[in-house]
There are 2 protein chains.
Amino acid sequence: MSKETVSIGLSAAIVAVEGERPSVLVVAHDGAADALPFGPFDPAQQRTLESGLRKWVGEQTRFDLGYTEQLYTFGDKGRHESAAGPRVVSVGYLALTRKGKEAPETEWRGWYHYFPWEDWRDSKPAMIDSTILPALKKFVKDAPNAETAELRRERVNVCFGEGWDEERVLERYELLYEAGLVEEFWRDSGKANKGPSLGTPMLYDHRRILATAIARLRGKLKYRPVVFELMAPTFTLLELQRAVEALAGLRLHKQNFRRLVAEQGLVEGTGKFNAPVRGRPAELFRFRRVVLRERPAPGVRLGVRRSKAS
Amino acid sequence: MSKETVSIGLSAAIVAVEGERPSVLVVAHDGAADALPFGPFDPAQQRTLESGLRKWVGEQTRFDLGYTEQLYTFGDKGRHESAAGPRVVSVGYLALTRKGKEAPETEWRGWYHYFPWEDWRDSKPAMIDSTILPALKKFVKDAPNAETAELRRERVNVCFGEGWDEERVLERYELLYEAGLVEEFWRDSGKANKGPSLGTPMLYDHRRILATAIARLRGKLKYRPVVFELMAPTFTLLELQRAVEALAGLRLHKQNFRRLVAEQGLVEGTGKFNAPVRGRPAELFRFRRVVLRERPAPGVRLGVRRSKAS
DNA sequence: CCGCATAATACTCATTTCGAGTATATATGT
DNA sequence: ACATATATACTCGAAATGAGTATTATGCGG
């Protein structure tokens, strides 16, 4: 094993939405922490990193990855590899798919298990005021000097202060990590955690990769029609809205949502209607693929609401 | 050299702006193609990829990298390494700095040398209509089948059709690459180019990394105050506007630009004025660092003009 | 020292977008 | 029939946006 070479690992946050639940495919061995599917990159066989990813995902799971996107390359010492063997650099990917039968050893898990503070659909998660903000206040106060304290105060404000920016998923996770509010911090530092531990931990730095994936997806949503990778071929407008809301972790204004989607030419009606459980039947729509040719940034601009219920 | 391991290279697009010219630091050996500063990553010495980057940039050049950001990890076979030796995976970075004395062997070069079709400040570059579009039309026509032709037509339209999206720098470069309009395509495929060759080529895949850097910077500009990393401590509003225009490759509406910048609280006046060459003296402004605490997405929203001159 | 070119800065205006709400239509269940 | 639930259409005001005109402060050439 040469000193100058490293081994490359590919991790994938494979995302699907079922109804109102955004889910991620995890490998869950009993006892061990949840992990993202992970595979080695074989430089001898594969021409590109992405083809390597598609290959082992195809082998290990049965999913057809539609949209895939590289997220970030992590090379931090000690956050991945074992003491023996070569240094591991891991390249994280985001992949979107429609849920199917999962492979053995894997299962779908709602991503808000890992990030409960990111779901604002019902209301601001109570844990923010009850647990997170007090703990972060302490984190600011415990800063070694005034300058660090000021920086920390700024970060706390940006992440959890006035005006929720749903895209800052990674920033918030990293802040909670540094403040010792997630289990991984204590695991990585080898000390015992005596305080709160928020959300379900994951193996290695996988929760960080997942945070990156969610952040990227929430951003992309607004200017590229990526949601449709997660939808069935036809869907009602409410189903589409629920999917977007699930991903963004926010409630949207129904009437404005359909106005946006329609005006942008993102969807077209099929003339068919669903069989409703209750209420007036909704028309089934399909994604207008041609919009890719027409508009420069055809995303689902999410008309965020400012006040009460929908 | 193990079969399963690769060697990691770090490339950096180090960007500065002088007046109206956005520049990138290149290593220019006589005869050879321009290259981005490139250094190997030493897994034995460095804890993270970014610390590895900062180390050799600090050694080779004299710059203090302010803002740095990882761009993308390229692992394509044949686009980087030599036949012998290990497979090279290259991690690209974007770094912003203020121009200083460059190191030996390096020089600043305007980035539009490499992407002449990306500079729309004066007008739509003539080469688009005279050279690019006809060649791409041929590229569509030469498609092996109707489906590929349709896909290509769509891409051509998105990249160079109605409605210029200044952020699609990478998409455009990749399209030109595949259509054989940039020298690198012919170099990589080992054939002789008989057609036009647009812009100045670079070593390996460095022009692709630079395209990624420009795209990322143009996007970030709008929602994070990154321009200020490139400005002197104080500046006039016109200087700021010119810098943004240089990066975006677009002209902006002067009065609206200052309205945006002022309303968003991005800058504050110093009460001092410059010594004008002509015209009324302009007030010198400085970046309001506190804005980071106040606003969720404090970027320079660039009120793009739709008609004639400023 | 006057008028002009040039640039900075202030202010106006119409249009579009956006958040929010009301009104109406069409189902189901009792 | 009517209560309830959902789908869809339409309205309204506030804010943001694109574009322009007006005014102010300089240097410079006569």
Side-chain angles (χ1 to χ4, degrees), chain A residues 19-20 163-164 222-223 234-242 244-245 248 250-285 295-310, chain B residues 19-20 163-164 222-223 234-242 244-245 248 250-285 295-310:
Chain A
E20 307 230 9
W164 181 256
K222 292 168 193 158
Y223 60 95
T234 68
F235 44 84
T236 71
L237 292 181
L238 188 59
E239 282 164 1
L240 182 64
Q241 182 183 339
R242 292 294 179 235
V244 173
E245 288 175 340
L250 294 171
R251 282 282 168 225
L252 307 178
H253 185 281
K254 190 178 191 173
Q255 296 90 325
N256 291 346
F257 180 81
R258 46 173 59 238
R259 174 173 67 185
L260 280 178
V261 162
E263 271 175 10
Q264 296 214 119
L266 284 170
V267 297
E268 60 190 356
T270 61
K272 293 177 185 166
F273 292 78
N274 71 349
V277 189
R278 285 185 300 248
R280 175 173 167 175
E283 187 170 4
L284 291 167
F285 288 79
R295 297 182 53 88
V300 178
R301 310 224 278 319
L302 20 95
V304 180
R305 60 169 43 260
R306 282 176 189 162
S307 65
K308 40 172 197 166
S310 69
Chain B
E20 307 231 11
W164 182 255
K222 293 167 194 159
Y223 60 95
T234 69
F235 45 81
T236 70
L237 292 181
L238 188 59
E239 283 164 1
L240 182 64
Q241 184 183 338
R242 293 291 179 238
V244 173
E245 289 176 340
L250 293 172
R251 284 282 167 224
L252 307 178
H253 186 280
K254 192 180 191 171
Q255 296 90 324
N256 291 346
F257 180 80
R258 47 172 58 238
R259 176 175 63 186
L260 277 179
V261 162
E263 272 176 7
Q264 297 214 116
L266 284 170
V267 297
E268 62 191 353
T270 61
K272 293 178 185 164
F273 291 79
N274 72 348
V277 190
R278 284 183 302 249
R280 173 173 171 175
E283 185 168 7
L284 291 168
F285 288 78
R295 296 182 52 86
V300 179
R301 308 225 279 316
L302 22 92
V304 180
R305 61 169 42 261
R306 282 177 189 164
S307 65
K308 40 173 193 165
S310 71

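Remember, predicted model here, so these are calculated numbers, not experimental data. Note on naming: letters A, B, ... go to the chains in the order of the sequence lines (proteins, then strands), and numbering restarts at 1 for each one.
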**Asked** Quick one: are Phe285(B) and Leu266(B) in side-chain contact, heavy atoms under 4.5 Å?
**Response** no
At a cut-off of 3.5 Å, list every protein nitrogen or oxygen paired with a nitrogen or oxygen from nucleotides 28-30 of chain D, distance to 0.1 Å.
none

**Message:** If you compare all heavy atoms of Lys222(B) against all heavy atoms of Leu302(B), which two are closest, and at what distance to 0.1 Å?
**Reply:** CE-CD1, 3.4 Å
**Prompt:** To the nearest Å, how far apart are Leu302(A) CG and dT17(C) P?
**Reply:** 17 Å
**Integer-rounded Å distance: dA25(C) P and Leu237(A) CG** = 20 Å
**Request:** Whole angstrom is fine here: how far is it from CG in Asn274(A) over to P in dT6(D)?
**Result:** 12 Å
**Request:** Determine: side-chain N/O of Arg259(A) to OP1/OP2 of dC18(C), distance under 4.0 Å, yes or no.
**Result:** no
With 3.5 Å as the limit, what N/O pairs link the protein to nucleotides 21-24 of chain D?
from	atom 1	to	atom 2	distance (Å)
dT21(D)	O4	Gln255(B)	NE2	2.7
dT24(D)	O2	Arg280(B)	NH1	2.7

**Message:** How many whole angstroms separate atom CZ of Arg258(B) from atom P of dT17(D)?
**Reply:** 18 Å
**Prompt:** What is the distance from CD of Glu263(A) to P of dA9(D), rounded to the nearest Å?
**Reply:** 12 Å
**Prompt:** Between Arg278(B) and dG27(D), does any side-chain N or O lie under 4.0 Å from OP1 or OP2?
**Reply:** no
**Item:** Worked verdict on Arg242(A) versus Glu245(A) for side chain to side chain contact (heavy atoms under 4.5 Å, CB included)
**Value:** CA-CA 5 Å; Arg242(A) 292 294 179 235; Glu245(A) 288 175 340; 2.8 Å; yes
**Request:** Whole angstrom is fine here: how far is it from NZ in Lys222(B) over to C1' in dT17(D)?
**Result:** 15 Å
**Fill in**
Between Leu237(A) and Phe257(A) the two heavy atoms that sit nearest each other are O-CE2, 3.9 Å
**Message:** Ignoring hydrogens, what is the shortest heavy-atom contact between Asn274(A) and Leu284(A)? Give both atom names and the distance.
**Reply:** N-CG, 4.1 Å
**Asked** Which sits closer to the 5' end of DNA chain D, Gly279(A) or Phe273(A), going by the nucleotide each is nearest to?
**Response** Gly279(A)
**Asked** Looking at residues at least two apart in the chain, or sitting in another chain, which of them share a side-chain hydrogen bond (donor to acceptor under 3.5 Å, both in side chains) with Gln264(B)?
**Response** Arg295(B), Arg301(B)
**Asked** Is there a side-chain contact between Val261(A) and Arg258(A), using heavy atoms and a 4.5 Å cut-off?
**Response** no
**Request:** Nearest-nucleotide wise, let me know which of Asn256(B) and Leu238(B) is further upstream toward the 5' end of DNA chain C.
**Result:** Leu238(B)
**Glu239(B) CD - dA7(C) P separation (whole Å)** = 13 Å
**Item:** Shortest non-hydrogen contact from Leu252(B) toward Val244(B)
**Value:** CD1-CG1, 3.8 Å
**Prompt:** Of all heavy-atom pairs between Gln241(A) and His253(A), which one has the smallest distance, and what is that distance?
**Reply:** NE2-C, 4.3 Å
**Message:** Check this one for me: any side-chain N or O of Lys254(B) less than 4.0 Å away from OP1 or OP2 of dT9(C)?
**Reply:** no
**Distance in angstrom units between Glu283(B) CD and dT26(D) P, rounded** = 12 Å
